[in-house]
Amino acid sequence: MVTVKNNQSEIVVKDFSNRKIEYAFHDIDGTHSLIRDWPPVMSVCLFDVIENGLPEHFDSSENAKRLISLAGKRDLPETDAFCVESAGLSALTQMEWAIRRGVQEGKIQVNCNGDTNAQIIERINNGEEYYDDLPETTEMNEMLKIQTPRLFKLYENVLNGYCRDKNLVKARQNPEKFRVKGSCDFLEYLYENGVKNYFVTGAVVEKGMGMHEEVEALGYSIGKGKLIEDIIGSTWTEKKPKDAVMKDLIKNLGISGENILVIGDGRAEIQAGVELGAVVISRLPENAEYQRELHKRLGTNVIVEDFTGKEFYNLFEVTNNG
C-alpha cells in the first residue's frame, strides 16, 4: 500500500493529512498523454461557430479540412482563453458553450430565453456543467440535442486531421516521446504497490478506438488487474462530467474520497477531487502561470511539472498492507 505524506516541500501548495491511497483517478490528455494537441483545434472550431453559426453542412469533410488549415494560425482571444478555463470539462459542454455564444451573437437563430442563455454561458465559464434549474425553451433544448453532438464529431474529425492520427502512428513507434515525463514509471509504481489506477476523460471512450486506442499506443495496459483498471468517459450524445464519473466510481467501488489520489491538469478533475476530499495533484508546466494560480484557488494540494525526481517521490511511502 502507498501512503501519501504532507512533507512540507515546495511542491505542496495546500496542506493535507497523510493518507493511505487505495485508488488513483487520473486525467489523460495533458496529464499523461501528449498525443492530442487539442487547444488550437477546439479554439478554432468554437470560434467558427461564434463567428459563422451552424450552416446546414457545417460538419462536412470539406469544412473539417478548412478548419484544419486554420487551426493554430492566429490568436483567438475569447476561445483561446476558454480552452484554458474549460480544460477538463466534458467536450459536449465545451461544444454547447460555443453554440450558446453563437445564439447570443445572433449567428444561430432559435427561440430561446436570452437571460437563461447568458446565465448558462457564465456558469460554463466558471466551470459548471449543471444548470437544469434554469428555464429553457423546447426549441433551444431540441436544437442543442441535435447540433451539439454534430459539432463534437466535427471537432474530433478536425483534431484527427490536425494532429491526433499522425501522432498516434509516431506514438506506437516511440511511446516515450508522447508521454509526460515519468508518467509510465509513476503509474507502475502505484500499480506495483497495490493502488488501482483509473483513467477518466471528457472524450468519448470506445474500445479499440479514440482515447482507448491512444492509451494502448502509449503502452498502458487496460483491464481488470492491469496497469489501468478501466477508462471511463463520455459518449457522443450524453455528457458525463468528471465529478459524476468519480462519484459513480466511488459508489461502485464502495470507497471514500480520503483514500483516493486525483491527478490532472484541468479544472474539472481538480475541483472534483477537492470536493471529494481526495489528495489532489496538478500536473502543469512551469510556464503555465495562469493555470497554476487557478489550481491553487481551486484547492489543489500539490503542483508538479512531471512525475520525476526525488521531491515528487518523497511524497510517497510504501507501507505494509497490514
Side-chain angles (χ1 to χ4, degrees), residues 38-162 202-204 234-239 241 266-268 290 294:
W38 64 268
V41 174
M42 182 169 287
S43 185
V44 76
C45 288
L46 303 189
F47 172 82
D48 199 61
V49 173
I50 298 170
E51 188 80 0
N52 299 312
L54 295 171
E56 184 177 356
H57 301 296
F58 75 89
D59 52 352
S60 66
S61 58
E62 290 77 12
N63 196 37
K65 290 176 183 176
R66 178 181 69 87
L67 292 170
I68 290 168
S69 72
L70 295 174
K73 294 296 174 63
R74 66 186 180 99
D75 291 338
L76 302 170
E78 181 184 12
T79 50
D80 287 350
F82 177 74
C83 289
V84 172
E85 290 282 354
S86 68
L89 298 185
S90 165
L92 285 168
T93 297
Q94 294 166 313
M95 301 301 118
E96 180 182 338
W97 174 86
I99 294 174
R100 288 185 177 278
R101 282 286 293 114
V103 171
Q104 195 174 47
E105 293 296 319
K107 302 296 183 178
I108 299 171
Q109 301 299 318
V110 63
N111 177 35
C112 77
N113 184 315
D115 289 340
T116 292
N117 194 48
Q119 288 181 62
I120 291 175
I121 290 168
E122 185 61 25
R123 287 197 188 184
I124 297 174
N125 282 333
N126 291 328
E128 297 182 41
E129 299 192 71
Y130 303 103
Y131 22 81
D132 292 341
D133 58 305
L134 295 175
E136 189 61 276
T137 64
T138 300
E139 292 90 339
M140 185 68 161
N141 283 331
E142 288 299 314
M143 185 272 290
L144 288 169
K145 184 177 179 180
I146 294 169
Q147 303 292 47
T148 305
R150 287 182 67 189
L151 181 58
F152 186 11
K153 289 182 180 180
L154 171 66
Y155 157 70
E156 287 282 340
N157 288 336
V158 176
L159 182 67
N160 290 344
Y162 179 75
V204 171
S234 194
T235 71
W236 290 113
T237 58
E238 294 182 29
K239 68 180 178 183
R267 70 180 300 156
Y290 176 80
L294 173 62

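Under the 3.5 Å distance criterion, the side-chain polar atoms of Ser86 are matched with a main-chain donor or acceptor of Phe82. Counting only distance, with no hydrogens or angles, the side chain of Thr148 and the backbone of Met95 share no donor-acceptor pair below 3.5 Å. In this structure, the side chain of Asn63 does not engage the main chain of Asp59 through any donor-acceptor pair within 3.5 Å.
Atom-to-atom distance recorded for Thr116:OG1 and Met140:CE is 9.0 Å, nearest 0.5 angstrom. One distance of note links OG of Ser61 with CG of Leu154; it measures 10.5 Å at 0.5 Å rounding. The CG atom of Leu46 sits 6.5 Å away from atom CG of Leu151, with the distance rounded to the nearest 0.5 Å. Going from atom CG of Leu54 over to atom CD1 of Ile146 covers 11.5 Å, rounded to the nearest 0.5 Å.
None of Glu96, Gln119, Arg123 except one satisfies the side-chain hydrogen bond (donor to acceptor under 3.5 Å, both in side chains) rule with Tyr131; the exception is Glu96.
Looking at heavy atoms from C-beta onward, Arg150 lies in side-chain contact with Gln147 at the 4.5 angstrom threshold. Annotation: side chain of Trp97 is not in contact with side chain of Val49 (no heavy-atom distance under 4.5 Å). Considering only heavy atoms from C-beta on, Val44 stays 4.5 Å or farther from Thr79 through its side chain. Contact annotation: the side chain of Arg267 approaches that of Glu85 to within less than 4.5 Å [non-hydrogen atoms, C-beta and beyond].
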Check: residues 68-75 side-chain donor-acceptor pairs under 3.5 Å, at least two apart:
residue	atom	partner	partner atom	Å
Ser69	OG	Arg66	O	2.5
Lys73	NZ	Ser69	O	2.8

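Between Arg100 and Glu136, at least one side-chain nitrogen of the basic residue sits less than 4.0 Å from a carboxylate oxygen of the acidic one, meeting the salt-bridge criterion.
Taking Ala91 as the reference, Gln94, Phe152 meet the side chain to side chain contact (heavy atoms under 4.5 Å, CB included) condition, with sequence neighbours excluded.
Checked by atom type, the side-chain pair Asn113/Thr137 shows no donor-acceptor distance below 3.5 Å.
Within 6.0 Å of CG in Asp133 there are more than 12 heavy atoms belonging to other residues, nucleotides or ligands.
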